[in-house]
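Note on naming: letters A, B, ... go to the chains in the order of the sequence lines (proteins, then strands), and numbering restarts at 1 for each one.
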Number of protein chains: 2
Amino acid sequence: MSTAREDLTGRARLRDAAIECFAAHGFDESLRAIAARAGVSAGLVRHHFGAKEALRAECDATVLARYRALKNESLNTSPQQLFAQFPSSRDGGILLVYILRSVREGGDAGKDFIDHMVAEALEFSRDAVERGILVPSRNEEARVRFLIQQSIGAMVVSFAMHPELPLDDFGAVMDRYYAEAMLPTLELYTEGLFTSREYLDEYLSFMAGTKNPPAGRAGENMTR
Amino acid sequence: MSTAREDLTGRARLRDAAIECFAAHGFDESLRAIAARAGVSAGLVRHHFGAKEALRAECDATVLARYRALKNESLNTSPQQLFAQFPSSRDGGILLVYILRSVREGGDAGKDFIDHMVAEALEFSRDAVERGILVPSRNEEARVRFLIQQSIGAMVVSFAMHPELPLDDFGAVMDRYYAEAMLPTLELYTEGLFTSREYLDEYLSFMAGTKNPPAGRAGENMTR
DNA sequence: TCGATCGCTATACATGCGAGTAGCGTCCTA
DNA sequence: TAGGACGCTACTCGCATGTATAGCGATCGA
């Protein structure tokens, strides 16, 4: 990642250019545009990868690997990123934008990203509840999946409102979003939204009356 | 809407077929497929609308109009739909799926839908705060926009995980999602997530130290 | 020094799309 | 009943894309 672009082999340059193009313009970006960005000819894509699908697969794998690496090296669990733990560096920015686009597009790559984050967040959440930092839930897994869907979804929607993201300075775009979402997130997570418990209690007693003992599990595996 | 399909003119049949196709398969659906679904030839699209873009625009306008109508006639503000107030009928289901796809795709149509919902929710929110139902926010508009982005975004992500939505029974898909999201939503809105106020207070005192008096307004107009 | 492999380019298909044109039948009207 | 507008279809064109093939030139080992 920190290697100068000129030092990379054509294959790697093509892969990195594809990641940037996909992140900035979407996965429908043409092979010719990707090749132009990499400074090579279009035919080289086929030479190295055989088909566009394979190039895409390698991009997905690379992004996931880099995301995990970047996450491990800076084990930041700052409060604002509890359920959307993302690095805000320039390198991290493009990774997140790529991931958001994958989720937005649907398909297996997006599913994998989401599942990966849910698994990570579930681990963190169980621990945080045990340490008394988070309020416990009646269905921990359903809550975590829901919170991830909300957090990622809010970013997806926010970015979808913009016609095209700038090719450079992904980090700045991220910072803008964080600044916008920080206060509402902290307010909601700290003070909630309802002033009374009646809606929740009503739902709980309603569900207790059904033959569905663990409330809220209906359709739980919907996103799998 | 309740008119039998055979009674409609070709133009209306094309428009309704396009709405269904767009909702089920996305906006890249070909004119030929839409025409086939409407039971007419592909050239008729051009005859009536001139170009695909115009057909799309008419679909957008129709969906928004029907959504507003359906919303007005059933002024339901049940707690679970506070910030994603949607009808769950069959007709309402396809409208919501269409809207979700518009948002997911980005562009002006999605923006309009979001802005419309934000405006509606802001009105409701101000009133609910005044009536003591909702906890007040330090920045009401930012919170509303954020909650809408979260609510819609969660649905977008959830639906994006599915390769293709069923052409029929949009309502059932909606019900599955509600069943999945209800408990976490009520828990979060009622009990919050953090056990202590320290994260929020820390952020507030930090923002008070900057020259940015109304905390959380940075990048507020990002989604416009 | 030979030659073979490798990285890469240029060019040529095949396909699917939106858009455009010509013409046929039908219904409404004068 | 003749005429014309309208709804609609069949066919064609240009364009962009992914895919495929042929060939060039350099590097490296025998």
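- Nearest-nucleotide mapping onto DNA chain D: of H47(A) and H47(B), the residue sitting toward the 5' end is H47(B).
- Under the 30°/60° scheme for interplanar angles, the aromatic rings of F22(B) and Y98(B) are found to be tilted.
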* Would you give a per-nucleotide map of nucleotides 14-21 of chain C, 5' to 3', where B means the base has a protein non-hydrogen atom under 4.0 Å away, S means only the sugar-phosphate does, and - means neither? => ---SBBBB
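- Distance alone, capped at 3.5 Å, places no donor-acceptor pair between the S158(B) side chain and the A154(B) backbone.
- For R104(B) (side chain) and E105(A) (main-chain N/O), a donor-acceptor pair under 3.5 Å exists by modelled atom type.
- A distance-only check finds a donor-acceptor pair linking the side chain of R101(B) to the backbone of A24(B) [under 3.5 Å].
- Counting to the nearest Å, the P atom of dC8(C) and the CZ atom of F49(A) are 11 Å from each other.
- Looking at R32(A), its side chain never comes within 3.5 Å of a backbone N or O of A42(A) through a donor-acceptor pair.
- With respect to R56(B) and E53(B), no salt bridge is recorded, no charged nitrogen being found less than 4.0 Å from a carboxylate O.
- Between L44(B) atom CG and dG23(C) atom C1' the separation is 15 Å, expressed in whole Å.
- Picking from dC8(C), dT9(C), dG7(D) the nucleotide with the shortest atom distance to the side chain of H48(A) gives dC8(C).
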